[in-house]
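Step one of this worksheet: look at the structure below.
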Amino acid sequence: TAPHGARPRGEADDAASVAGRLSDTLDRLVDVRENILFVGPSGSGRRTLARRLHDRSTRRDAPLIEIDGASLDDRLLFGAVDPCGSVEPGILDTVGEGTLLIAEVADIAPEVQARLLRFVEEHRYRPVGTTTERTFGGRIVATLGRSATEPPPSGGIRPDLLHRLGVIEVSVPALVTRRSDLVSIAEQLLATERAANPGAAAKRLSGEAIAAIESHDWPGNIREMRNRIVRAVLLAATETIGADDLFPEGAPREETGELTLDAARRDVERQVIETTLAEHGGRIVATARALGVSRVTLWSKMKRFGIARP
């Protein structure tokens with residue numbers, strides 16, 4: 001049996017990149033007006049996808065307002081008449097033509113869920129204490145924290161509200177089922193943290209670190225990966241992040257020793273690319289020709305290994 005946290009390579013592996021499919025889905029949904037529900041386990045990146053959807057849409061110059069379902073109530077959302085008789089604006093007034101993101105809709109109080117039904121379906125509402133109807137011109141996006149195959153929890157969100165929120169449902173799988181995306185997601189997170197911490201020594205992932213990333217089960221999903229990358233960037237003593245920087249408690253390893261072989265292959269490949277680049281003065285075409293690969297392949301490997309042109 002493999003040690004805890006490790007999984008044989010290929011198990012639960014997706015045939016195509018889930019990240020690519022999700023990106024294509026967002027492109028098709030950027031400007032639809034229907035309500036969208038991102039469904040997946042905690043930490044899988046549902047809010048990130050919702051923000052990316054807003055940023056890609058024609059609503060990107062309008063506000064994106066996020067609110068947790070547990071905090072939602074009528075006065076906060078719709079606005080209300082104050083003691084002086086004036087209508088205090090609610091979140092919907094602030095959103096305007098932008099995006100309202102309701103996170104964890106199963107946490108909305110039952111009495112509030114009942115009063116949301118008409119608004120979610122018709123995008124019309126009345127501020128509390130008034131009889132004047134208003135029209136919401138923005139888009140409603142929500143998240144639900146369960147796996148794509150798990151039935152709605154009893155006592156959570158009522159089915160009629162769920163159906164209204166999920167006119168379009170986007171399933172966000174757990175990270176453990178997205179093996180082909182693991183390294184690219186880690187590289188993206190590393191680039192973000194390097195930009196946020198320009199004085200940090202860490203610049204690239206070692207072959208051993210990449211193999212450990214591919215072997216780990218990621219029970220905390222993208223949130224766990226981000227935390228491990230942040231810690232490694234801030235604490236790594238050298239430019240190359242090792243497996244122990246990501247997993248100080250002990251890197252996941254496979255019984256077959258494949259982790260060590262993969263790590264060695266990647267480290268050698270990176271060293272060969274760096275040496276050949278230096279020999280050809282950083283010229284991509286000449287380096288690719290010397291290595292017997294295309295320019296696209298060389299660029300892809302340089303990006304993966306965090307290699308900058310000399």
Side-chain angles (χ1 to χ4, degrees), residues 12-69 91-92 94-106 120-121 123 136-150 152 157 161-193 195-196 218 220-226 229 300 303-304:
D13 207 5
D14 44 354
S17 167
V18 175
R21 294 201 299 270
L22 286 171
S23 182
D24 290 343
T25 298
L26 293 189
D27 285 340
R28 292 194 293 271
L29 296 178
V30 285
D31 288 318
V32 302
R33 197 176 185 312
E34 283 75 15
N35 304 330
I36 299 172
L37 180 67
F38 289 94
V39 178
S42 177
S44 57
R46 295 162 298 151
R47 290 198 194 198
T48 299
L49 290 170
R51 296 182 194 114
R52 193 174 301 165
L53 178 69
H54 174 81
D55 291 341
R56 292 186 186 182
S57 74
T58 54
R59 303 176 186 272
R60 58 184 171 270
D61 293 328
L64 164 66
I65 303 297
E66 301 180 30
I67 183 169
D68 290 324
I91 289 176
L92 298 182
T94 304
V95 173
E97 299 290 324
T99 300
L100 171 67
L101 171 54
I102 307 174
E104 307 301 349
V105 291
V120 170
E121 183 168 21
H123 286 207
F136 176 57
R139 175 162 62 180
I140 302 172
V141 178
T143 70
L144 180 63
R146 59 177 173 86
S147 70
T149 58
E150 181 183 351
I157 185 169
L161 179 57
L162 180 62
H163 293 317
R164 287 166 168 82
L165 287 168
V167 175
I168 300 173
E169 183 174 310
V170 179
S171 295
V172 186
L175 201 55
V176 70
T177 68
R178 300 161 62 178
R179 294 289 177 186
S180 62
D181 291 332
L182 290 176
V183 176
S184 63
I185 292 173
E187 293 284 6
Q188 291 169 20
L189 294 173
L190 176 58
T192 299
E193 292 309 316
W218 299 107
N221 290 296
I222 292 176
R223 184 176 294 120
E224 178 191 354
M225 182 181 284
R226 180 181 292 110
I229 293 288
S300 177
K303 181 178 179 182
R304 182 176 190 183

By salt bridge (Lys or Arg N to Asp or Glu O under 4.0 Å), which residues pair with Arg33, not counting sequence neighbours?
none
Could you point out which residue of Asp27, Asp24, Asp31 forms a salt bridge (charged side-chain N to carboxylate O under 4.0 Å, His left out) with Arg56?
Asp27
Mind listing the closest non-hydrogen atom pair of [X] and [Y] along with its distance?
X: Ala174; Y: Thr177; result: O-OG1, 2.8 Å
X: Val32; Y: Arg28; result: CG1-O, 3.9 Å
X: Ala142; Y: Val105; result: CB-CG1, 3.5 Å
X: Val172; Y: Leu49; result: CG2-CD1, 3.6 Å

Hey, which of Ile36, Val39, Leu53, Val141 is the one that makes side-chain contact (heavy atoms from CB on, under 4.5 Å) with Val170?
Ile36
Can you measure from [atom1] ([X]) to [atom2] ([Y]) and round to the nearest 0.5 angstrom?
X: Leu37; Y: His163; atom1: CG; atom2: NE2; result: 11.5 Å
X: His123; Y: Ile140; atom1: NE2; atom2: CD1; result: 3.5 Å
X: Leu190; Y: Ile185; atom1: CG; atom2: CD1; result: 13.5 Å
X: Leu26; Y: Phe38; atom1: CG; atom2: CZ; result: 5.5 Å
X: Arg139; Y: Leu29; atom1: CZ; atom2: CG; result: 7.5 Å
X: Leu100; Y: Glu66; atom1: CG; atom2: CD; result: 10.0 Å

Apply the test side chain to side chain contact (heavy atoms under 4.5 Å, CB included) to residues Thr48 and Ile222: give CA-CA distance (whole Å), side-chain angles for both, the deciding distance (0.1 Å), then the verdict.
CA-CA 10 Å; Thr48 299; Ile222 292 176; over 6 Å; no
Verify the distance criterion only: is there a donor paired with an acceptor across the side chains of Ser44 and Arg178 at less than 3.5 Å?
no
Does either side chain, that of Arg47 or that of Thr143, offer a donor lying less than 3.5 Å from an acceptor on the other one?
no
Any sub-3.5 Å donor-acceptor pair from [X]'s side-chain atoms to [Y]'s backbone N or O?
X: Ser23; Y: Ala19; value: no
X: Asn221; Y: Ser42; value: yes
X: His54; Y: Ile65; value: no
X: Arg46; Y: Leu144; value: yes
X: Asp55; Y: Arg60; value: no
X: Glu97; Y: Arg59; value: no

Checking Met225 against Ile229 for the side chain to side chain contact (heavy atoms under 4.5 Å, CB included) test, could you report, in this order, the C-alpha distance in whole Å, the side-chain angles of both residues, the deciding distance, and whether it holds?
CA-CA 6 Å; Met225 182 181 284; Ile229 293 288; 4.3 Å; yes
Pairwise side-chain contact, Val183 with Glu187, heavy-atom cut-off 4.5 Å (strictly under):
yes
